[in-house]
There are 2 protein chains.
Amino acid sequence: MKERLKKGGDRYHHGNLRDALVRAAEQQIARSGDIALPLRDVARLVGVSHAAAYRHFDSKQALLAEVAARGFEALTVALTAGAARGRGPAERLVEAAVGYVSFALEQPGAYRVMFHATLKPFTRFPRLAEASLAALEVLRALVREGLATKAFSGEADAAVMATWALVHGQALLVLDGQLSGPFGIDAAQGALAARTSMKRLLEGLRR
Amino acid sequence: MKERLKKGGDRYHHGNLRDALVRAAEQQIARSGDIALPLRDVARLVGVSHAAAYRHFDSKQALLAEVAARGFEALTVALTAGAARGRGPAERLVEAAVGYVSFALEQPGAYRVMFHATLKPFTRFPRLAEASLAALEVLRALVREGLATKAFSGEADAAVMATWALVHGQALLVLDGQLSGPFGIDAAQGALAARTSMKRLLEGLRR
DNA sequence: TTCAGATGTGACCATTGGAAACATGCCGGC
DNA sequence: GCCGGCATGTTTCCAATGGTCACATCTGAA
């Protein structure tokens with residue numbers, strides 16, 4: 001007998017606290033633009049005492065690791081969906097790049113946590129490590145596809161790195177507002193700018 | 001009568017506390033890889049009570065802003081020095097990119113602070129804003145030079161953004177150890193990888 | 001020499017992450 | 001049906017942190 005939350009409203013047991021905490025944390029970070037969120041605020045948002053969180057996570061870091069892991073899983077989906085929009089290896093890579101940056105701008109809280117240094121070494125969070133590699137693998141596959149069909153040339157690893165660096169950098173510069181002053185690029189135009197940049201890089205990868 | 005620190009060793013007045021705090025903070029962040037350094041630790045490193053820091057900085061953020069501002073100034077120097085190593089506009093831009101990533105890897109503490117979201121809006125730290133724009137201006141000038149001499153083509157802003165995104169992303173991925181597992185790239189090879197990536201992007205910018 | 005301003009100290013405060021002891025409610029075995 | 005164990009949540013507590021304040025110490029200029 002689950003799912004009878006409608007009635008009481010204030011129940012002693014939340015029912016789905018782990019999930020609720022992860023989502024609240026993500027939203028808080030998206031708002032503040034900073035990892036340093038008080039765990040107590042997250043708990044309060046969910047309507048629970050801060051100590052309750054420790055029934056579901058060993059530490060605040062573990063909660064953040066969960067946010068990050070889900071983020072990488074969503075990123076994998078976004079990359080795949082993006083690639084599916086493109087026709088031909090080159091266009092598929094470009095659209096995946098656009099999907100990447102769009103994801104970062106749509107879920108900034110998750111994206112910041114995903115690449116936050118304090119969550120390394122990944123070894124402490126196996127699910128996070130796995131999710132991270134899975135996302136990277138999508139990019140790798142797209143590059144391999146391009147190389148196999150002679151759409152690009154050169155070394156695979158180098159192409160993957162260049163692509164990843166470009167989209168990662170573009171996403172973070174937009175997220176941090178670094179491009180809003182000098183270039184007038186905010187979150188709305190970020191993905192568009194990424195397409196332009198990625199097309200240029202792709203020209204270089206072709207030969 | 002300054003500069004007589006040799007004698008007493010433990011003096012009530014430090015003599016150059018502001019500067020010492022900035023440098024200690026940078027080193028601590030470089031070690032931990034995280035902005036969240038206890039101000040007390042920094043003060044202890046310098047041999048001073050934590051409250052003393054507030055004689056020189058309004059807040060911990062203001063101290064970090066100073067670290068960041070100095071970082072951007074050093075980055076400007078690194079970019080200029082890098083560009084000077086290149087012959088011709090294209091090579092100059094590549095070498096500036098290498099200089100950029102090298103700087104980030106050599107001064108990781110400063111680099112992390114420089115792009116940390118909590119220091120925005122820049123408006124609160126005018127010196128930081130100015131230093132940041134000065135560094136960007138070096139990149140802009142290099143791109144303009146390339147366009148003027150027909151070494152590259154296309155729109156200037158787009159080329160600057162793509163370049164900046166590439167080096168920023170490459171620097172952060174290496175710093176965060178994201179490339180060490182999948183690609184075996186650590187700080188030592190980071191700049192080399194940046195050269196490879198930048199050359200590829202440049203091929204795309206040429207046409 | 002003196003004293004006013006600059007610089008450093010120790011005591012204090014509210015907030016934070018985390019641990020511990022206690023409270024509550026859900027579920028399966030009788 | 002009921003009852004006891006286990007998961008989940010609360011209250012209370014602690015040490016560390018950023019920050020403030022009153023007080024101590026030093027420095028240099030009048």
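Source: prediction; values computed, not measured. To find a chain, count down the sequence lines: A is the first, B the second, and so on, and within it residues start at 1.
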Given [options], the nucleotide with the shortest approach to the side chain of [X]:
X: B:Tyr54; options: C:dT7, D:dG19, D:dT12; result: D:dG19
X: A:Arg55; options: D:dT8, C:dA19, C:dT9; result: D:dT8
X: B:Ala51; options: D:dT11, D:dT20, D:dG18; result: D:dT20
X: B:Lys60; options: D:dG19, C:dG17, D:dT20; result: D:dG19

Return the value, rounded to whole Å, for the distance between atom [atom1] of [X] and atom [atom2] of [N].
X: B:Phe57; N: D:dG19; atom1: CZ; atom2: P; result: 13 Å
X: B:Arg40; N: C:dG10; atom1: CZ; atom2: C1'; result: 11 Å
X: A:His50; N: D:dC14; atom1: NE2; atom2: P; result: 14 Å
X: A:Leu64; N: C:dT16; atom1: CG; atom2: P; result: 15 Å
X: A:Arg44; N: D:dG9; atom1: CZ; atom2: C1'; result: 16 Å
X: B:Asp58; N: D:dT20; atom1: CG; atom2: C1'; result: 13 Å
X: A:Asp41; N: C:dG17; atom1: CG; atom2: C1'; result: 13 Å
X: A:Leu17; N: C:dT24; atom1: CG; atom2: C1'; result: 15 Å

Which residues share a salt bridge (charged side-chain N to carboxylate O under 4.0 Å, His left out) with A:Arg200, sequence neighbours left out:
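Checked A:Arg200 against salt bridge (charged side-chain N to carboxylate O under 4.0 Å, His left out); zero matches.
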
Run the side chain to side chain contact (heavy atoms under 4.5 Å, CB included) test against A:Arg85 and tell me which residues pass, sequence neighbours left out.
A:Glu95

Any A:His56 side-chain N or O less than 4.0 Å from OP1/OP2 of D:dG9
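Answer is yes, contact under 4.0 Å.
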
So which of residues 21-38 of chain A are in contact with DNA chain C, with a heavy-atom cut-off of under 4.0 Å?
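Contacting residues: A:Leu37, A:Pro38.
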
Please find the pair of heavy atoms, one from A:Leu21 and one from A:Phe57, that lie closest to each other, and give the distance.
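Closest approach of A:Leu21 to A:Phe57, heavy atoms only: CD1-CE1, 4.1 Å.
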
Kindly indicate whether a cation-pi arrangement holds for B:Arg140 with A:Phe183, taking the cut-offs as under 6.0 Å to the six-membered ring centre and within 45° of the axis.
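Flagged: B:Arg140 positioned over aromatic ring of A:Phe183.
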
If you draw the axis of the six-membered ring of A:Tyr100, does the NZ or CZ of A:Arg195 fall within 45° of it and under 6.0 Å from the ring centre?
no

Pairwise side-chain contact, B:Thr163 with B:Leu205, heavy-atom cut-off 4.5 Å (strictly under)
yes

Closer than 4.0 angstrom, basic N to acidic O: yes or no for A:Arg124 and A:Asp58?
no

